[in-house]
Every structure is written in structure tokens, then in C-alpha cells.
Amino acid sequence: MFAVVSLGLVLTGALAAAATPALAQAVPSGPPIRLFPPPDRLAAPEADPGVQPGAGRVLDDPLASPGPSAAPLPLTPILTPAPDRSPSFDVVPTVASPSAIAVETLGPLDPDGAGPLAGAAGLGGDAWRGIPRAEVLALLPELPTLTPSPAVKELQRRLLLSRGSPAAAPGEPEPARRFGALRVEKLAAMGDPRGAADLAALLPEAMTVDEAAARALTDAELLAGPLDCAAATERAKPFSGPYWQRVELFCRLRAGRIGGGMPTEAGAAPAGDDLAFDMLREQPGGDADFLRVAEAMAGGPTLRLRSLKDPSPLTLAALRTLQAALPPDVLSLTDPARLAAVASNSGTDPATRVTAAERAAVALFLDSRRLAEAYRAAPAKGDELLRLKDAAARDRTARTRALVQQAMLAAMGGGRRVELAGLALELLDPPMLGGPVGAVVADMLDTLSPTPDAAALAPAAARLCFALGRADKGKRWYDLALRSRPTAEVARLWPLAVIALGPPPGGGALGLAGWLDESLRGADPEARGRVAGQLALLQAMGVAVPEEAWRKTADPEETAPTPTDARPPTADPALWQRLVEAAADRRVGETALAALLLLGDAGPAGTPPAVVARVVGALRAVGLDSDARAIAREAAAALAG
């Protein structure tokens, strides 16, 4: 019996192994394979009265139970042909034909082409097509860092954070500085340490060999605060020198540790006994201001700064950690990143702090929330809040704008609030419209309703909201201006409204002809030039401008009108030509790069309208429509004043 049962198990395994691959193959020709035994095989065999159950009896079914009382084992399918059935192909799987295989040769992966932004979030998948790497590396350091234009800064940020890199020319030697490191350095210099850190994390190889980029990122993080000491320590590993030693000392002091890594306690050895201090004092060209502040952080003498004309980012970060007062001569700084650090130090005198904050905010190194905080901290003297109109007539400084904000917060009457909002609008200079300074005033306007009692504010309020990209709020003020003040001041807003909102059906209440007639009535040559600039922006945004309109804006004394697409004499001819050719060939990265360089630190509000119009048209030609509209909007807002 043991041999019979063993034979059954062997057959079971063999049949199961044979059945498994058979099910995955096509059915062979002939009758179908039966997957289960016929019904008569499932019935129990009749007992033989002459033989004891299970005693030396050869079983008909090798899979039957060896004993009469045991239940039958599960049956493995018996591959028995069934000649009485026609072939069936229901069990044959349907497999789709393979698609054509495209073979492409991939070039070597460029480690400098990494970036946090891909596709539509950046500048597309192949932004740097068509421009040699050497040319990009020469132009990148010239990108603006002090522009007051949010539109320019956003386009530049996306350009630097986008994936992709320019190709090297055949036989081109490796550059002294790599594309990835230059991008990190420029992001840090333009006040975007977070973007620079995100990009640096994707470029570890480039950051380990470029100390200038590593220092630029660390300085930007020190000024913006707080410094991520763990990341800075990791970044410093490939380098050595006094700078990185000072950074390490700052991190230890901020964490409450001195030379031996022990927590500082009352009665501990003074900071001057620490070996790190001794080493830094002995090094030539050290940062004496930082060492003084570091000693104070370690429990040394209290700081009494009388002058601080050129503090390093590390010194300003240490002073902010101590919340130490800064002397007024710190306002001699011209670097907006360091001015932002001064403004974020709560120990700074409020008058110094508000001036530093506004100057940093104009260059987009401080946001509107932190600027509003600095405005609220500026002290008022006597009855200044009641005589703000007289103060504004003689003093258009940050302090006056701060006092207007404070008075607005305290005002309850509707008439007084409208008066203060009008005063805040009058104090805005054109470069301030699109940035944080304008945003603080726009937030003030949000507390008012565009009703007839506020009609006097409507033109300036619409202009500000359009400049900031707040189209819906701008439209409400613009509609109020059209209903209540049909003057030349309102007419000047028409191109801005068209750029911000799109052309109205039928041209709207004014239309191109009505706007031109109203704007050119009694216009001097300067006013005609502004109207011509607005026409150029409209045309760049796709508005059809007839030849007659251009003739109206021409100076009557000119014998030959200037062509509308002529290069202004102030525009760099090489960049102008590069922009034209790159846009014609739809080279996105090169077009954006040339556009940013042409606008420079002046931004759309401070660049000749003909140059801005050329930039807007080029950006639209390569698919950067939202960037083009934002730049045109800022330029039109400056011309509408």
C-alpha cells in the first residue's frame, strides 16, 4: 500500500507540474483538454466482498483513498481528451500587438542640469536649446539682483530653477565655474536663499568644488535667518579657512556651547580663553566686528556699538541673535539683503528699522508682512498723526508712510479713512507700485468699499491694484472711476486696464480712438512719448494698432517718424539682436535671458517703453504669456501716472 500511495503522490506532482505550463500556452490542435475527470470517475468504487479493504488491492484510481473511512483527496485535473466536444478557444488569452519601438541615443547626463522646476512650472523641457554653454556662463553673472519688479524676479527665479542645461560645443574645455554653481550663487544674490538651497541639494557635486557658491548661499541664509547649522556644517566639509571657522563658532555659540563643546554656565571661563577665539584673532584680515559680537554671545562684555558701517552677514546674524541695538550709520549700507537683516533685528531703533525695511522691500528682499510690522513700530511724535498732510508735503520718506499706516489703523470715521488712503496713494513712487510697499497700501484699500464717497481715490486705486496683479479689485475701482471721473486721469488708465483685463467687447466705454483723443489733447512732447509707449505695449500684447494711431502720437515737428520697432539708443545692440533672433527661433531660455538683461535692475517701470514692448513681444513668441503680461502690466502702470 505504501508503494501505491507513493505512486499516487508522484503522479499528482507530475500531472500538476505538467498542467501548469500547459495553461499558459496556446491550445494545441485536436480536441480540447478536459480539466476535470468525468463524473463516473468521481464516484467511490464498489467494495469487493472477498478482499479486506486496503489489503494488497490495486486501486483503479491511483488518487483514491487507501482506506474505506477516509475522505477522498482533492483531485488534480486529469488531462483526458474529450472527443465528443468541438474545439474551444475561450481560454486562449488575447495579446495586443507590440507597438513600434523608437530607439534614441541619449547623451551623457549633465549633473548641472538638475532643478526643482520641470515642465510648465519652469521654462519647459528644453529651455536651453540653441545657445552654447560658454555664452550662457558669460551672461548669467550679469542677471539683475536689485530689480524692484516682481515680474522680472519671478521670471528670473524660474529660469534659474528650471531643469536642463546648455550643451557644450564640440571640444569645449571644462569651464572654470560650472552652470549649476553659478545658478545657486545668483539665486542667493537675488535674495532667494530657499530656492538656492533647494537647487544646491540637487547639485552636490558642483557645490563641493565651488566655494564661492557655497559661501554665497551661507551668507544669504545668515541674512535671512535662521541659519540651518547642520546644513551649513555639511556644506563646509570640502573647504577650510577663517570664514568656515567663524560659521562653526557662530553655530556653537548659538547652541550654547563654547570651545570644548560644554554648555555655558555661570562662572564658566570667558570666551577669550576658548581656543577657537584665539585662532581667529591671530589670523590676518579677520572679522573684528564678528569676534566682538561672538564674545558677547559667549558671556563676554555687553556690546555698545557706536558705528557699524560695513558689517558682514555673519556679524548681522550674530547681532540679531543677541537682539543688540544697531547704530544709525548702518543705513549707509546699499545691499538690500543686509538692510533686510537690519530690519529684522528687533533690537534696532524703530526709526532706523523702518528705513532699512522699506529700502529692502523696494528691492524685494523683504515681504509686505514684515514691512507692515516695521511700519507699525515707527514712533510718532506729538500730534504728528493729526498733521500728516502737511508732513507728506515736505517729507516723502519711509517714516511718513509708516505714520500714515498707523493713522489708518486708528481711524474710525469713513471720511478720515478715505483721506488717509488717498494720502498713502500719493506717497507711492512708481517703482513701489508692484512690490511690497504697494501691497501694504493695497491692503489698506481693502478696508474701503469702491463707493461714490471714495470716487476721488478710484483712478489711483485702480492703477495700484492692476500693477499688483489684483485684477478683480482693480476692475471695481476702474469701473467707479469711469462712472464718476471721466477725465484725462481716467483716460490714461485705459491701456493698463486692457493689459490687465483683456480688451473689452467693442472697445469699452473709451476704446482706442477715444483714449488717444483724450490723452493727446494739449499733450507736450513728453506726454506724447508716454502715449506712444502705451501704444507699443498694447501692440506687443496683441492689440491691433492702426497706422493712424501712430501718426497721431508723432511729434508734429518731426520730418520722419521713428519706426515703431526701432531700437532705442539706450538699449544694448547685441542683446537687442540676440532677443530678436532667439524669439524667432523659439529658443526659450535664451529669450528669457536676453529679456532679463535688457530690463536690468531698472525693471519695466524704469526701462524705455519701446524696450519693454520688444521684451513683451519676444516672451509671448516663445510661449511665456503670463510673464509677458505681468511685465507689460508693470510698465503700463508706471506710464499711467
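It should be emphasised that the depicted structure is a prediction, and the values quoted were computed from it without experimental measurement.
- Heavy atoms only, all atoms of each residue included: S162 and G122 are closest at OG-CA, 3.2 Å.
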message: Please evaluate residues L308 and L319 with respect to the criterion side-chain contact (heavy atoms from CB on, under 4.5 Å), reporting the C-alpha separation (whole Å), side-chain torsions for both, the decisive distance (0.1 Å), and the verdict.
response: CA-CA 11 Å; L308 194 66; L319 288 167; 3.5 Å; yes
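- Under the side-chain hydrogen bond (donor to acceptor under 3.5 Å, both in side chains) criterion, D472 pairs with no residue, sequence neighbours left out.
- Under the 3.5 Å distance criterion, the side-chain polar atoms of R359 are matched with a main-chain donor or acceptor of L333.
- How far NZ of K473 is from CG of L468: 10.0 Å, rounded to the nearest 0.5 Å.
- Put simply, CG on L326 and CG on N345 are 4.5 Å apart, with the number rounded to the nearest 0.5 Å.
- R416 has a carboxylate O that lies under 4.0 Å from a charged side-chain N of E419, or vice versa, which qualifies the two as a salt bridge.
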- request: Could you walk me through whether L182 and D112 pass side-chain contact (heavy atoms from CB on, under 4.5 Å), step by step?
  value: CA-CA 10 Å; L182 287 175; D112 287 330; over 6 Å; no
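- Contact of the L433 side chain with the F466 side chain is not registered, since no non-hydrogen atoms from C-beta on lie closer than 4.5 Å.
- Annotation: side chain of L249 is in contact with side chain of F290 (closest heavy-atom distance under 4.5 Å).
- Taking both residues in full, the closest heavy atoms of L403 and A380 are given as CD2-CB, 3.7 Å, listed atom of the first, atom of the second, then distance.
- Of the possible polar contacts, none joining the R183 side chain to the L140 backbone as a donor-acceptor pair under 3.5 Å is found.
- With rounding to the nearest 0.5 angstrom, the CG atom of L199 is 8.0 Å from the CG atom of L160.
- At least one donor-acceptor pair under 3.5 Å links the side chain of R417 to the backbone N or O of A411.
- S312 and D287 form a side-chain donor-acceptor contact under 3.5 Å, judged by distance and modelled atom types alone.
- The minimum heavy-atom distance linking P311 with V330 is given by the pair CG-CG2, 4.4 Å.
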message: Walk me through whether V247 and R235 qualify under side-chain contact (heavy atoms from CB on, under 4.5 Å).
response: CA-CA 11 Å; V247 171; R235 189 182 307 135; over 6 Å; no
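- Checking side-chain atoms of E185 against main-chain N and O of P141 turns up no donor-acceptor pair under 3.5 Å.
- With V615 as the fixed residue, the side chain to side chain contact (heavy atoms under 4.5 Å, CB included) test singles out one of T607, L599, L597: L599.
- Between M408 and L448, some side-chain heavy-atom pair lies under the 4.5 Å cut-off.
- Contact detail for A325 and L305: the closest heavy-atom pair is O-CD1, 4.1 Å.
- D335 places a side-chain N or O within donor-acceptor distance of the main-chain N or O of A337, the cut-off being under 3.5 Å.
- Side-chain atoms of T348 do not come within 3.5 Å of backbone N or O of S344 as any donor-acceptor pair.
- Within the structure, the ring pair (Phe, Tyr, Trp, His ring centres under 6.0 Å) test picks out the following pairs touching residues 205-240 (sequence neighbours left out): F239-W244.
- With values rounded to the nearest 0.5 angstrom, L143 atom CG is found 15.0 Å from R157 atom CZ.
- The side-chain heavy atoms of L464 and W477, taken from C-beta on, include no pair separated by under 4.5 Å.
- Put simply, CG on L425 and CG on L420 are 11.0 Å apart, with the number rounded to the nearest 0.5 Å.
- The two residues A168 and E172 have their closest heavy-atom pair at CA-OE1, 3.5 Å.
- With contacts defined as side-chain heavy-atom distances shorter than 4.5 Å, the pair R158/L117 qualifies.
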message: Between T147 and Q156, does the side-chain contact (heavy atoms from CB on, under 4.5 Å) criterion hold? Intermediate values first, please.
response: CA-CA 11 Å; T147 177; Q156 183 164 302; over 6 Å; no
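- Within the 4.5 Å cutoff, no side-chain heavy atoms of E590 are placed close to those of P166.
- Expressed to the nearest 0.5 Å, how far CD of Q405 lies from CE of M444 amounts to 3.5 Å.
- Using a 4.5 Å cut-off on side-chain heavy atoms (C-beta onward), V612 and I631 make contact.
- Across every non-hydrogen atom of L123 and A592, the tightest pair is CD1-CB, 4.2 Å.
- Judged as a side-chain hydrogen bond (donor to acceptor under 3.5 Å, both in side chains), and not counting sequence neighbours, D367 has no contacts.
- For residues 193-202, the set of pairs meeting the side chain to side chain donor-acceptor pair (under 3.5 Å) definition, not counting sequence neighbours, is empty.
- Not one N or O on the side chain of R401 forms a donor-acceptor pair closer than 3.5 Å with the backbone of L428.
- A donor-acceptor pair under 3.5 Å is absent between the side-chain atoms of E135 and the main chain of P132, judged by distance alone.
- For the pair D601 (side chain) and L146 (backbone), a donor-acceptor distance under 3.5 Å is present.
- Residues V209 and P238 form no side-chain contact, since every pair of their non-hydrogen atoms from C-beta on lies 4.5 Å or further apart.
- Side-chain atoms of T447 do not come within 3.5 Å of backbone N or O of D443 as any donor-acceptor pair.
- Both tests do not hold together for K186 against F179: distance to the six-membered ring centre under 6.0 Å, angle to the ring axis within 45°.
- Taking R163 as the reference, nothing meets the side-chain hydrogen bond (donor to acceptor under 3.5 Å, both in side chains) condition, with sequence neighbours excluded.
- By the side-chain hydrogen bond (donor to acceptor under 3.5 Å, both in side chains) test, D390 pairs with no residue at all, sequence neighbours left out.
- Salt bridge absent: R338 and D219 never bring a charged side-chain N and a carboxylate O closer than 4.0 Å.
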